[in-house]
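I have placed the structure first, in the form of structure tokens, so that the comments after it can refer back to it.
Labels below follow one simple rule: chain letters A, B, ... track the order of the sequence lines, proteins then strands, and each chain is numbered from 1. On a predicted model such as this, the values are computed, not experimentally measured, just so you know.
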Amino acid sequence: MPRRRSPEPRPQPRRVQQRAGAARPRRPMGGRSAAVMAAAVGRVLRLCRRWGAGPRAQTLRLICTTTAVQRKNVGASGPEKYTEAFIKKQIEEFNLGKRHLANMMGEDPETFTQEDIDRAIAYLFPSGLFDKQARPLMKHPNEVFPEQRKIQWGEDGRPFHFLFYTGKQSYYSLMHETYEKFLNVQKHQDKLTAQDLPLQKEKRNLAGSRWLTKIELEEMLLEKVSDDDYSRFIQLLEKLVALPCADIEEKYIQKFSKEVPVQLQKVVIEPLQHDERGVAFSTGEGKRKTARATAVVYDNGTGKITVNGIDILHYFPVLQDREQLLFPFQFLGRIGKHDMVCTVSGGGRSAQAGAIRLASAKALRSFVTEKEVEFMRQAGLLTVDPRVKERKKPGQEGPRRKFTWKKR
Amino acid sequence: MLRSLKGLVCHSGKLGRGCALPRAALSSVSSQDVPAEKPRAIFHTSESDPAKHTEQHEGRLYSIPLEEVKAVFPHGLPHRFQQQIQTFNEARVMVRRPALEILSYLKGSNFAHPAVRYVIYGERGTGKTMTLCHVVHYCWRQGWLVVHIPDAHLWVKNCKELFQSSYNKDRLDQPLQASVWLKNFKATNERFLQEIKTQKKYIWGKRESTEEGSPLREVVEQGLARVRSASDAVGVLLRELRQQSQRGSCRLLVAADGVNALWGRTTLSKEDKSPVSPEELTLVHNLRKMLMNDWSGGAIVTTLSQTGSLFKPSSAYTPQELLGKEGFDALDPFVPIAVPNYSPREFESCYGYYLERRWLQHERAHTEDGKAELRFLSGSNPRQLDRLAGPL
């Protein structure tokens with residue numbers, strides 16, 4: 001019988017299953033896990049490599065629970081680490097805990113959603129840790145324990161799948177299935193040709209879709225897929241899709257393709273507004289470092305610019321700042337044609353100038369054709385400058401500067 | 001985009017330049033918009049006599065012959081303008097509205113009445129000093145006696161030597177500044193110094209004295225020769241001139257730049273480290289007396305200046321702020337003349353002049369866009385425009 005232990009609640013080391021039928025000598029562990037474990041009882045931890053490579057099978061390893069450490073191909077990293085019964089028990093405990101929590105918070109247990117749980121946990125266990133994933137969390141066990149392949153063999157040690165001994169049973173079975181579909185389609189095609197019926201030729205729109213990536217495929221198959229295997233699979237899929245009658249297997253193919261979201265034009269350019277004098281104007285906001293600025297650009301102007309009620313010549317005595325303000329207008333060739341009234345706060349002299357520049361460029365979009373907007377975007381006039389002051393690190397004098405190095 | 005490089009040639013601040021080119025054979029007075037073949041004619045005036053400048057000449061540049069420049073302005077012009085004169089080999093002053101205003105007042109004023117005080121004020125770099133120089137040139141041409149103090153701030157700061165005045169124990173002398181000023185004064189007013197005679201006898205020391213009835217030249221010589229008594233010489237000079245102009249023997253123009261220095265604070269200190277207030281300085285004291293409107297037969301034209309002022313914020317430009325209560329009361333009543341930035345026409349004129357003298361070498365500066373950029377970046381401020389055009 002494979003030895004089982006119910007693991008402690010998190011954080012806890014994951015216990016590794018001993019493979020059925022393998023007789024391994026026990027080894028005392030020596031108080032490594034949580035306090036629950038009695039020190040006297042030697043628990044054996046084993047991380048067996050999949051096919052039991054000799055000397056490596058003796059390594060002991062403790063694995064943390066957080067899913068962040070286990071990245072994408074978790075399902076493929078080895079045989080099951082938790083039994084099905086264990087997962088089921090965790091789910092029961094979770095549900096029970098959910099109802100208790102709802103009770104504690106005074107809410108209805110029936111309609112207690114995951115967001116409510118998160119809020120309740122954040123309230124009951126406030127944490128100042130920066131890393132969100134290090135804070136206390138209570139999630140459904142299916143999210144916490146990554147999906148893993150179940151044990152592939154029965155109690156008698158006989159594997160369930162016929163391709164088990166190939167080593168990559170899911171992959172080969174997938175290839176097998178896909179090729180079966182391929183042959184299906186070819187047969188259908190032959191049948192149609194034999195009946196002299198026109199082959200349906202509806203071009204499948206491949207423009208907005210892509211195949212699964214290798215990582216995604218691994219996640220689907222729950223086992224590791226090498227680059228070569230992956231490329232062979234994709235080639236087979238392409239061949240399948242290229243056949244004229246491939247739409248009969250459309251549903252199967254869709255399992256392996258994903259929609260590529262069209263680059264949405266999220267930016268909506270506002271139309272011009274008119275004030276009481278009938279002059280067209282438009283507003284824009286901009287920021288740079290800590291400075292925030294709003295600009296209102298009026299049409300039919302003389303090139304007069306006012307910042308916080310002060311003339312630009314007095315507010316920005318430095319030429320460089322005025323050049324920054326000039327840039328959007330000069331780029332569009334509209335230097336003397338607009339008036340501008342801006343408000344700005346925060347930041348320093350240069351940051352304020354940059355913020356106003358961004359704000360005025362955004363406001364000018366409404367006055368200008370789409371093509372020119374695209375030119376502005378390429379010129380970098382419409383992009384928020386992401387540079388901010390870098391934080392100081394401990395052990396250093398500044399963000400990059402280290403302390404003076406003294407030889408002794 | 002204009003890149004500001006550090007230009008090799010400094011340029012004198014041209015607040016406005018008059019171009020009266022004898023080459024332009026057109027009479028600029030009548031022409032409005034001459035076609036492009038002779039573009040320079042639009043900006044230039046051939047009237048080099050300020051007396052004949054009218055509104056038609058507004059925005060145009062007239063030139064002052066270089067000999068006159070040396071005579072009239074040994075010490076009055078802004079530094080950058082002097083450099084520009086050297087570069088371009090001509091002195092061109094722009095005729096602008098504030099100057100025309102003062103000239104019209106001067107032409108129409110009654111000299112039997114007490115002297116009227118005009119205070120030219122405006123923001124930094126708008127052309128106050130140049131306006132003053134324009135007025136000085138006019139008066140000189142008209143044959144007035146010009147007492148031109150280039151910058152009163154020079155008398156209240158950075159003075160290395162302070163001596164106790166022999167005339168009045170409380171006051172302090174500034175021999176260096178006084179002698180420099182006397183030298184320049186002599187250069188300007190040569191012709192008058194011989195004619196005007198002193199009214200009183202002045203004793204300079206144990207052995208030196210000036211008799212009554214001797215020409216003013218001797219007072220000036222005395223001041224220059226004996227530097228110690230230079231400040232007293234200045235005081236004597238000013239007093240004499242006041243009396244003479246009261247009597248009507250000559251017209252007197254007192255042109256003082258940076259007059260707010262006289263009522264502010266000084267950076268000087270006595271030997272015991274106590275600060276000196278302006279009235280303790282002989283020169284300042286005498287100048288203040290000059291600026292009183294208790295004499296007639298002339299005019300007083302003054303300028304406020306924030307640039308050299310001490311202990312005043314840089315945003316201050318109105319008479320109230322710069323003169324302070326004391327100065328304002330002292331100068332009250334006065335005629336305030338505001339000097340604004342360039343009007344569009346004046347800007348065109350100045351830009352055209354730079355182009356014509358090939359000062360703007362950048363290719364973009366020749367285009368309309370370049371002009372618009374210059375206008376934007378300088379804010380039509382004469383000084384800013386000059387500084388911008390420097391490296392181009």
Side-chain angles (χ1 to χ4, degrees), chain A residues 295 297-342 344 349-350 352-354 356-361 363-364 367-368 372 375-376 378-381, chain B residues 1-7 11 13 15 121-127 306-307 312-318 321 338-348 351 362-392:
Chain A
V297 177
Y298 293 93
D299 209 355
N300 297 341
T302 51
K304 206 164 72 96
I305 300 193
T306 312
V307 182
N308 285 354
I310 304 177
D311 188 40
I312 157 183
L313 205 52
H314 290 116
Y315 198 84
F316 290 123
V318 180
L319 177 67
Q320 172 191 342
D321 301 333
R322 274 176 279 147
E323 280 185 354
Q324 286 291 301
L325 294 209
L326 171 70
F327 185 25
F329 297 100
Q330 185 217 17
F331 188 78
L332 298 170
R334 287 161 175 255
I335 296 186
K337 302 203 187 116
H338 293 284
D339 277 341
M340 188 157 78
V341 176
C342 338
V344 68
R349 158 208 102 179
S350 209
Q352 287 189 341
I356 300 180
R357 174 182 121 175
L358 181 61
S360 59
L364 279 173
F367 288 94
V368 137
E372 291 197 314
F375 286 151
M376 281 219 287
Q378 288 184 356
L381 272 169
Chain B
M1 190 65 99
L2 307 173
R3 296 266 163 257
S4 43
L5 313 163
K6 288 296 165 204
H11 225 39
L15 304 174
Y121 70 99
E123 308 204 332
R124 271 197 291 192
T126 48
Q306 196 282 325
T307 324
K312 286 275 185 279
S314 59
S315 53
Y317 74 96
T318 58
E321 289 165 356
V339 179
N341 281 330
Y342 276 153
S343 67
R345 192 157 163 218
E346 290 167 346
F347 179 86
E348 300 272 341
Y351 172 78
H362 200 281
E363 335 52 74
R364 275 209 71 179
H366 295 275
T367 60
E368 275 300 316
D369 286 337
K371 185 155 82 170
E373 273 184 37
L374 278 173
R375 198 200 312 259
F376 184 100
L377 287 176
S378 66
S380 293
N381 183 286
R383 177 183 289 172
Q384 291 292 332
L385 178 60
D386 170 60
R387 289 221 117 101
L388 268 180
L392 285 180

Side chains of A:Q330 and B:D369 in contact at under 4.5 Å (non-hydrogen atoms)
no
Working to the nearest 0.5 angstrom, can you tell me the gap between A:L319 CG and B:L388 CG?
5.5 Å
So how far is it from A:R322 CZ to B:E373 CD, rounded to the nearest 0.5 Å?
13.0 Å
Is chain A contacted by the side chain of B:E368, its backbone, both, or neither, given a heavy-atom distance below 4.5 Å?
neither
Between CG of A:L313 and CZ of B:F376, what distance do you get to the nearest 0.5 Å?
10.5 Å
What residues, two or more places apart in sequence or in another chain, satisfy side chain to side chain donor-acceptor pair (under 3.5 Å) together with B:N341?
B:N381
Examine whether an atom of B:S380 lies under 4.5 Å from a heavy atom of chain A, and if so say whether it belongs to the side chain, the backbone or both; otherwise answer neither.
neither
What's the spacing between A:I335 CD1 and B:L377 CG if we round to 0.5 Å?
8.0 Å
Please identify each residue that fulfils side chain to side chain donor-acceptor pair (under 3.5 Å) with B:E348, with sequence neighbours left out.
B:K371
